[in-house]
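Written below as structure tokens is the structure these notes are about.
Note that this is a predicted model, so its numbers are computed, not measured.
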Amino acid sequence: MSIRPRLATVALTLAVAGSASAQKVSTDWDHTANWSKYNWYYIQIQKAFGDQLSQERAIAAVDSALKSKGWKKVPSLDAASAAVLVSGAGQKEETTTTMYTGGGFAGWGWGGGGMGMATTSNSSDVVGTLVVDIFDVMTKQLLFRGQAQETVSNNAEKNTKALYKATEKMFKDFPPTASK
């Protein structure tokens, strides 16, 4: 096998592996809301994660993102114009990967010739999901929902960095602008 097909196989493998673990962040909001009237918020856990340290880190990350947008945290719901509810969960995800060797690009439908070999491996990852809901305190109407998903590692520092990156993406264009 020449060096070019080997490099192509390695590059393709890295691209697939990289896209499989990419952080997914999405947001939705009330397009008719007057965001200028929301600047005082009360934040709390909506659904317990089952892990107090993760809950505290999630609250800190969301709190940091909102403060960076000029919002002010208040100690009680009575003093707030917006209620921020944070939820988190983890779900086990099974992945099956098959790698082909030999025979050119055998397995991808392009010629080849020669004998090839396939190796299949299974892995199990935990995918963590963070959900942030923001409600109008007076009307109790949902104003904003942000969701982030990423594979959780066994390294708390890495997970914390990923959490802050996710909330940064989630609140990048916050507060949203009204649709025209």
Side-chain angles (χ1 to χ4, degrees), residues 14-95 123-180:
L14 290 174
V16 170
S19 65
S21 65
Q23 190 176 63
K24 298 175 193 168
V25 178
S26 63
T27 58
D28 194 8
W29 62 91
D30 180 345
H31 292 258
T32 62
N34 177 4
W35 287 94
S36 65
K37 71 181 198 175
Y38 305 104
N39 54 3
W40 301 93
Y41 68 96
Y42 176 74
I43 189 169
Q44 71 178 37
I45 295 295
Q46 179 176 17
K47 180 182 173 200
F49 292 27
D51 174 5
Q52 183 181 350
L53 294 174
S54 294
Q55 288 177 180
E56 291 170 1
R57 290 177 185 129
I59 290 285
V62 173
D63 191 39
S64 175
L66 288 171
K67 284 180 178 176
S68 76
K69 298 300 183 172
W71 280 36
K72 310 258 185 306
K73 184 177 176 180
V74 294
S76 72
L77 191 57
D78 295 336
S81 56
V84 180
L85 303 177
V86 180
S87 301
Q91 180 176 354
K92 199 172 193 178
E93 187 173 273
E94 302 294 327
T95 305
S123 65
S124 177
D125 295 312
V126 175
V127 177
T129 302
L130 174 72
V131 178
V132 179
D133 289 325
I134 301 177
F135 290 87
D136 180 304
V137 171
M138 298 301 288
T139 66
K140 299 183 179 31
Q141 294 296 310
L142 181 64
L143 298 169
F144 176 90
R145 170 167 273 199
Q147 293 182 310
Q149 289 186 321
E150 183 163 12
T151 302
V152 179
S153 82
N154 292 327
N155 181 322
E157 186 176 326
K158 183 178 177 182
N159 291 337
T160 301
K161 285 180 183 178
L163 180 62
Y164 275 84
K165 182 179 174 184
T167 55
E168 183 180 307
K169 286 180 183 179
M170 191 180 292
F171 291 100
K172 179 181 177 230
D173 297 320
F174 188 87
T177 55
S179 297
K180 297 191 181 337

- Task: Check whether any side-chain N or O of S81 sits under 3.5 Å from a backbone N or O of N39 as a donor-acceptor pair, and report yes or no.
- Result: yes

- Item | Validation row: V132, L85 side chains within 4.5 angstrom (heavy atoms) | no

- So, does K69 use its side chain to make a donor-acceptor pair with the main chain of F171 at under 3.5 Å? yes

- Message: To the closest 0.5 Å, what do you measure between CZ (R57) and CG (L163)?
- Response: 9.0 Å

- Query: Would you say the ring centroid of F135 lies under 6.0 angstrom from that of Y42?
  - Reply: no

- Task: Under the side chain to side chain donor-acceptor pair (under 3.5 Å) rule, what do S36 and N34 come out as? Steps first, then yes or no, please.
- Result: CA-CA 6 Å; S36 65; N34 177 4; 2.6 Å; yes

- Message: Under 6.0 Å between ring centres: does that hold for W29 and F174?
- Response: no

- Task: State plainly whether the residues E157 and K161 are in salt-bridge range, i.e. N to O under 4.0 Å.
- Result: yes

- Heavy-atom distance under 4.5 Å between the side chains of Q23 and Q149, does that happen here? no

- Taking atom NZ of K165 as the centre, does the number of heavy atoms from other residues, nucleotides or ligands within less than 6.0 Å exceed 12? no

- When you check the gap from the basic side-chain N to the acidic O, do R145 and D28 get nearer than 4.0 Å? no

- Message: Using every non-hydrogen atom in the two residues, find where T27 and G146 come nearest and quote the distance to one decimal.
- Response: CG2-CA, 4.1 Å

- Judged by atom type as modelled, is there a donor-acceptor pair below 3.5 Å linking the side chain of S64 to the main-chain atoms of A60? no

- Task: Measure across S87 and K47 and return the closest heavy-atom pair with its distance rounded to 0.1 Å.
- Result: OG-N, 3.8 Å

- Closest heavy-atom pair and its distance - L77, A83: CD1-CB, 3.7 Å

- Query: Can you check whether K169 reaches Y164 side chain to side chain, under 4.5 Å on heavy atoms?
  - Reply: no

- Message: Tell me whether N155 contacts the main-chain N or O of K158 through its side chain, where contact means a donor paired with an acceptor under 3.5 Å.
- Response: yes

- Item | Side chain proximity check, I45 to I59, heavy atoms < 4.5 angstrom | yes

- Which atoms form the tightest heavy-atom contact between K73 and I43, and what is the distance? CE-CG2, 3.6 Å

- Kindly indicate whether the side chain of V137, heavy atoms from C-beta on, has any atom under 4.5 Å from the side chain of Y38. no

- Minimum heavy-atom separation for D136 to K37, with atom names? OD2-CE, 3.9 Å

- Audit row: Q46, V86, side chain to side chain contact (heavy atoms under 4.5 Å, CB included) steps and yes/no: CA-CA 5 Å; Q46 179 176 17; V86 180; over 6 Å; no

- Message: For the CD atom on E168, are there more than 12 heavy atoms of other groups (residues, nucleotides or ligands in this structure) within a distance under 6.0 Å?
- Response: no

- N-O pairing of K67 and D63 below 4.0 Å: yes

- Query: Is any side-chain heavy atom of L66 less than 4.5 Å from a side-chain heavy atom of K72?
  - Reply: no

- Query: How long is the gap from CG on L130 to CD on E150, to the nearest 0.5 Å?
  - Reply: 11.5 Å

- Describe, in one word, how the ring planes of W35 and F144 are oriented to each other, choosing from parallel (under 30°), tilted (30 to 60°) and perpendicular (over 60°). perpendicular

